[in-house]
Every structure is written in C-alpha cells, then in structure tokens.
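Everything numeric in this text was worked out from a predicted model, so none of it was measured.
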Amino acid sequence: MSSQQQVSTGQEPWQWDEATWRGYAERVRAGRDLTPPAWPGDARMAVTLSFDPDHETLSLRDGETSPGAMGRGEFGSRVGSRRILRLLDEFQIPATFFIPAVSALLHPQEAKDYAAAGHEIGAHGWIHERNALLSAEDEFALTRRSLDVLENLVGRRPVGIRTPSADFSDSTLDILQSLGFRYDSSLMADDMPYEILSDGRPTGIVEVPMEWIRDDAPYFTMARYGPHRPYTTPRAWAELMKDEFDSAYADGAVFQLVCHPHIIGHRARMLALRGLVEHMKAHQNVWYATHGEVADHVWRNAGQDEAGRVRL
C-alpha cells in the first residue's frame, strides 16, 4: 500500500474498520504452498540465480543525469555483466536476467548476449519506475511496452516479471493476469514458491519469492551524498549466502538469489560470488534452473489448485 492510498482513506490506520484493514491485508496474499514432491533428476534442492541489470535506469528514474551517475550504471553493462556471464558459463549455471526496457535499449547487445547464452530474460519495468505510485493506466502501458521491447530484442516474450520496485500497486496483480505472466518474483511471503491469491481467489500465477536478505543491494549500496554506506564486506556477504544455501540444502528447498551487475560486478564482490558458486557446486544433487523453469516445475507438480482445477 502506497502513502497515496493511505491518505485517500481520509483516516489514520488505527481508525480503519475491520473490512478496511482486512481488505488491504488480503488483496494480494500467498496461497497454497507449491513445494513439489520431487525436484528434476531426483535432485535434493533447487538453485535459481537472478540478476537485475538496472544499470543507468536507477538514476534516470530519479532524474539524476550527471555523468558520474551514468558512469556508475554503465559499469554494470561494460564490466559487471561480462564478468557474470563468464562465471555462469564456467560453471554451466543458467540464470534469469530481469531487465528494465530502457536498460535493454541502452545496451541491446547485452540483452542479446544473455539470451544467446541460454539464460532467461524476465521483465523489470520500463525505467525502473516505482510502479506502486503509478496510475493503473500508466503501469499497464509501461509493463506492456517493456514486454514489446524485450521480445523485439531477444525474440521471445518474457513470461516472468520482477516488478521494478519489488512491490505491487493495487493494480499490479490485475495487470500481470491481463498480460499473461506465468510467474512473478517480487513478493516475500515465503521461502518457497506459492500461488498468488487475489482477494482470496487463486490467480494461476506462481510466485518465486525473493527476499532482501538474499539480495546484494542492501549490503553494498552507497549513496554519495546521503547516509547510506556499505555495511558488509564481500566475504561476510558470501558467508551469509552460504548459510542460506546450506539451510535450503538441508531442507530440500529452493535457494534463490538476487544480484545486480553494477553492484556485484566489482572485483572483490565477484570473488565473493565465485566463492558462493564454488561452495554450491561442491554439493551433490543440486538442480540449477531459471526462475521460469522453477515456476513451471512446481506448477506442473502441485496437483489441483484451491478451486479444485487440475493443474497442467
């Protein structure tokens, strides 16, 4: 719920009646757990890595257009993305790249290189807009336009999305349904995939949940003129991610990761990412998959949905 929606009620939250606060809480909700009875190849667990090539769009979205700001974003395409592609190729790991359309238009060959290497391309908005603050009409138009751009560049229309601000507006879920998305990776109601509910009704959209704890940005973000400074060393970050992986391995679960080329792509951080990958590869019976492959597998193996419909 955005601050605009909060003000529109004309009341403070403590003044809301039950129908109001319950309606907000249940508008978008986690439905049935989609943990499958088994992973492909009798694997013990699934690993699904994702990268968000936001690059210059984070600054452009906020109207910060200085060469310094553009250069920090450009590093993600010029250096970071290439290092990531080499690492993934070396260890033969597929990944999902959620790309803002403006980033893809600024760096079209980069998007094509991801697809040519066999990785999945997912939608990530137009210019990394804060979609929860947009009108329904603008959010729909930007999401559809971003799909058109990515399809024209790589020859395949994305079936999954990470909303550009990892949040939903009151309209987002309806938009995802109307545009035919099979899965989302923006919400955080579970460690494992689940079906998204809309006002208590199954939507047929799989959530492959992310979480800030498994994201590089909260640990390494720096605001040049603000108070934010990296508070975790790359090695400490790698240890945290190894703990997340080890716990998922013990549970036979999913380990999902979010990184950004302009953040993780620096030398010391790439060494940390390499250490994490080597740690994972030292474990047997791990299924490495894109987000789309995980979403498709759990959907096919989850039996019937809450409305009693047989899943395909």
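Within a 6.0 Å radius of CG in Asp17, more than 12 heavy atoms belonging to other residues, nucleotides or ligands are found.
The aromatic ring centres of Phe220 and His266 sit 6.0 Å or more apart. For Phe98 and His291, the distance between ring centers is under 6.0 angstrom.
Partner of Glu56 under the side chain to side chain contact (heavy atoms under 4.5 Å, CB included) criterion, out of His107, His128, Arg72, Glu64: His107 alone.
Ion pairing between a basic and an acidic side chain is recognised when a charged N comes within 4.0 Å of a carboxylate O; Asp174 and Arg27 show such pairing. Between Asp138 and Arg145 there is no salt bridge, since no side-chain N of the basic residue sits under 4.0 Å from a carboxylate O of the acidic one. Ion pairing between a basic and an acidic side chain is recognised when a charged N comes within 4.0 Å of a carboxylate O; Glu239 and Arg235 show no such pairing.
For Ser169 and Thr172, the side-chain atoms include at least one donor-acceptor pair closer than 3.5 Å.
Annotation: side chain of Pro164 is not in contact with side chain of Arg61 (no heavy-atom distance under 4.5 Å). Counting only heavy atoms from C-beta outward, the side chains of Tyr219 and Ile213 approach each other to under 4.5 Å.
Classification of the Tyr24-Trp16 ring pair by plane angle, with boundaries at 30° and 60°, yields tilted.
Chaining together hydrophobic side chains whose heavy atoms lie under 4.5 Å apart places Val258 alongside Met188, Met210, Trp212.
With Trp237 as the aromatic partner, Arg269 does not meet the cation-pi criteria of under 6.0 angstrom to the ring centre and within 45 degrees of the ring axis.
Remark: Asp215 CG to Cys259 SG distance equals 7.0 Å, nearest 0.5 Å.
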